[in-house]
Structure formats: structure tokens, C-alpha cells
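As C-alpha cells, the structure follows; a few thoughts come after it.
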Amino acid sequence: MESTIQFVHAETNKTAEHVIIKKLDTLTKHFDWVIRAAVIFKEEKNSHGKGKICEVTLSCPGPRIFASSNEASFEIAAAETMDDIETQLNKRKSEMKTH
């Protein structure tokens, strides 16, 4: 699987990047039909408390899978977003099975 990770209006955070890479590797083992992952970390300057956004888009058979979360840190946002992605992938896998 090909993956790209970008930080928009934010400094590169190696810990958040490591969390995403680790989760993507795990997902690749379970869902080998995922083609590409695009991860974008954004920082909102005007937010109170939260403001660290993680967006993940996966290319796979059927419609693209997208999840986003806005948390106090990039690490928490990355973990929550990847949990949402895994839920969507499990649903897609169950729909792909023949009955």
C-alpha cells in the first residue's frame, strides 16, 4: 500500500506520524485490498482547547473511505481517526463477502 503523510500549517510531529504508520501497517495485514492512504494533519490556530485535526482517506474497491477527528493533540486525533477507519473497513469487508 502506498501512503502519504502531510502536515498543513503545523510542524512535523514524529510521534503522530509513527502512530499512523503503525496503524496503517496493521490495517494492511488485515485488509490487503486497500490501495492507497492519504493522511493530512492540520492545526487550527483559532481553536480553544482542541485544534489538532487528522484526516485519513483510503482508496480501495468501491467508494473511498474517509475519517477525520479534531482533538487536543495529533497523537489522540490520529488514534481516534484510525479507529474510525478500521470500523469502516470491517463494514466494507463484511459487505464484500459472498453470501
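Quantities reported herein were computed from a predicted structural model and do not represent experimental measurements.
Within the 4.5 Å cutoff, side-chain heavy atoms of K93 are placed close to those of F31. The side-chain heavy atoms of I76 and C54, taken from C-beta on, include no pair separated by under 4.5 Å. Put simply, the side chain of T57 does not reach to within 4.5 Å of the side chain of I65, judged on heavy atoms. By the 4.5 Å heavy-atom criterion applied to side chains, E55 and F66 are counted as neighbours. Taking 4.5 Å as the limit, every side-chain heavy atom of F41 sits out of range of all side-chain heavy atoms of T81.
Going from atom CZ of R92 over to atom CD1 of I85 covers 10.0 Å, rounded to the nearest 0.5 Å. In this structure, the separation between NE2 on H9 and NZ on K42 is 8.5 Å, given to the nearest 0.5 Å. Interatomic distance, CG of N13 versus CD1 of I20, reported as 11.0 Å (0.5 Å rounding). Atom CD1 of I5 and atom OG1 of T12 lie 10.0 Å apart (nearest 0.5 Å). Atom NZ of K23 sits about 6.5 Å away from atom CD of E86, to the nearest 0.5 Å.
In this structure, A16 and A78 approach most closely via the heavy-atom pair O-CB, 4.4 Å. Residue L24 comes nearest to T28 through the heavy atom pair O-OG1, 2.7 Å, listed as atom of the first residue, atom of the second, then distance. Here the closest heavy-atom approach between residue R64 and residue S59 is recorded as NE-OG, 3.9 Å. In terms of heavy atoms, I35 sits closest to C60 at CD1-CA, 4.3 Å. In terms of heavy atoms, K52 sits closest to A72 at CG-O, 3.3 Å. N70 and K50 make their closest contact through O-CD, 3.3 Å (heavy atoms, listed as atom of the first residue, atom of the second, distance).
Using a distance-only test at 3.5 Å, with no hydrogens or angles considered, a donor-acceptor pair links the side chain of S69 to the main chain of A77.
No single ILVMFWY cluster, assembled from side-chain heavy atoms under 4.5 Å apart, contains both M1 and V19. Placement of L58 and I53 in two distinct hydrophobic clusters is found when ILVMFWY residues are connected by side-chain heavy-atom separations under 4.5 Å, directly or transitively. Transitive grouping of hydrophobic side chains (ILVMFWY, heavy atoms separated by less than 4.5 Å) brings L89 and I21 into a common cluster.
Taking the six-membered ring for Trp and thresholds of 30 and 60 degrees, F74 and F7 have ring planes more than 60 degrees apart, a perpendicular arrangement.
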